[in-house]
Amino acid sequence: MLSISGLKVAYGGIQAVKGVNLEVREGELVTLIGANGAGKTTTMKAITGIKPISGGDIVYRGESIKGVPPHELLKRGLAMVPEGRGIFARMTILENMQMGAYLRNDSDGIQKDVERMFGFFPRLKERASQLAGTLSGGEQQMLAMARAIISRPKLLLLDEPSMGLSPIMVEKIFEVVREISKEGLTVLLVEQNAKLALQAATRGYVMDSGTITMSGEAKQMLDDPKVRAAYLGE
Ligand code: ATP
């Protein structure tokens with residue numbers, strides 16, 4: 001589904017991503033974990049065309065997407081929930097969710113998906129006509145995820161969905177991540193919360209100072225003493 005090879009990204013003279021290789025196969029939930037400043041968000045931005053790359057290639061469904069802008073990627077089924085969420089503050093919750101479906105024209109299907117998301121996140125349903133800008137951080141995260149899922153992506157990129165959320169909200173968000181993955185959606189998840197991410201994922205990658213330092217089956221990584229010491233706080 002997604003194959004990244006030798007990816008390099010720089011900010012001015014500083015290399016933030018230094019030759020990353022990463023693979024996401026159809027149906028997988030792959031997580032990219034690592035410390036602050038490791039280059040995870042930069043990698044996500046490179047995939048979605050927000051940040052130009054200085055080397056390597058990114059192949060999505062058999063085609064290079066180097067330099068392809070975000071709106072074109074969305075048309076091809078690659079959706080991203082960015083860090084900071086990017087919801088439309090002056091629109092209501094319902095309007096935000098409907099925006100997620102702007103490339104679809106099956107109104108019955110859209111309505112069903114909106115209801116499904118309201119099922120996942122009853123809090124959004126209670127507030128459907130409220131302006132999105134007035135939502136709490138956790139509620140905005142739920143809305144951003146709902147909107148992305150409603151676009152019916154083939155590949156969903158999630159950038160630190162747990163950031164700034166209370167433990168209960170984090171649990172809720174991960175419940176939905178696990179559920180959509182079980183339903184067959186392919187997901188690439190960037191997370192600081194390594195434990196939750198590895199528990200949900202099929203495979204994982206560890207990033208440190210711009211390079212991938214470890215990768216493998218998520219279950220094995222959870223048991224790996226090095227991962228436990230460095231990233232699980234044990
Ligand atoms: P975090 O978990 O803290 O978000 P991250 O792994 O996502 O970290 P990035 O945000 O990708 O890390 O940052 C990687 C490196 O690139 C850091 O050293 C950061 O300071 C640098 N960087 C990020 N954005 C910019 C920018 N716009 N200009 C200059 N340097 C940047």
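Ligands are counted one by one from 1 in listed order, and the atoms in each one are counted from 1 as well. We use all heavy atoms of the structure for the numbers below, so side chains are in, but hydrogens, waters and symmetry mates are not.
Side chains of Met169 and Gln141 form no contact here, defined as non-hydrogen atoms less than 4.5 Å apart. Two residues are said to be in side-chain contact when any heavy atoms from C-beta on lie closer than 4.5 Å; Arg203 and Val24 fail this criterion.
Heavy-atom neighbours of Lys172 NZ from other residues, nucleotides or ligands within 6.0 Å: above the threshold of 12. Atom CD of Gln199 has more than 12 heavy atoms from other residues, nucleotides or ligands within 6.0 Å.
Taking a cut-off of under 4.0 Å to the non-hydrogen atoms of Ala16, the atoms of ligand 1 that pass are 15 (C), 16 (O). Applying the 4.0 Å criterion to heavy atoms of Ala35 picks out, from ligand 1, the atoms 6 (O).
For the ligand labelled ligand 1, residue Gly210 lies outside the 4.0 Å heavy-atom shell.
When only non-hydrogen protein atoms are considered, atom 4 (O) of ligand 1 lies nearest to Glu83 OE2, 3.4 Å. With hydrogens left out, the protein atom closest to atom 22 (N) of ligand 1 is Tyr11 CE1, 3.3 Å, a heavy atom. The protein heavy-atom contact nearest to atom 17 (C) of ligand 1 is Gly37 O, 3.7 Å. Atom 12 (O) of ligand 1 has Gly39 N, 3.1 Å as its closest protein atom, hydrogens excluded (heavy atom only).
Taking all heavy atoms of Val17, Asp159, Thr41, Val190 into account, the minimum distance to atom 7 (O) of ligand 1 is reached by Thr41. Of the candidates Gln192, Met207, Lys45, it is Gln192 that places a heavy atom closest to atom 2 (O) of ligand 1. Looking at Leu32, Asn36, Thr42, Val9, it is Asn36 that brings a heavy atom closest to atom 3 (O) of ligand 1.
A salt bridge links Asp106 with Arg104: the closest approach of a Lys/Arg side-chain nitrogen to an acidic carboxylate oxygen falls below 4.0 angstrom.
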Quiz item: Going through the distances and angles, do Lys125 and Met117 end up as a side chain to side chain contact (heavy atoms under 4.5 Å, CB included)?
Solution: CA-CA 9 Å; Lys125 184 169 186 173; Met117 288 305 120; over 6 Å; no

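Using a 4.0 Å threshold on non-hydrogen atoms, atom 19 (C) of ligand 1 does not count as touching the protein. Inside a 4.0 Å radius of atom 28 (N) of ligand 1 there is at least one protein heavy atom.
Any N or O atom pair closer than 3.5 Å counts here, and Lys40 shares at least one such pair with ligand 1.
Minimum interatomic distance between Tyr60 and Leu78 (heavy atoms only, all atoms of both residues): OH-N, 3.6 Å. Closest of all the heavy-atom pairs between Met44 and Leu188 is CE-O, 3.6 Å. Of all the heavy atoms in Leu156 and Ile180, the pair that sits closest is CD2-CD1, 3.7 Å.
When heavy-atom distances to ligand 1 are checked against a 4.0 Å cut-off, Glu160 comes that close only through its side chain, counted from C-beta outward.
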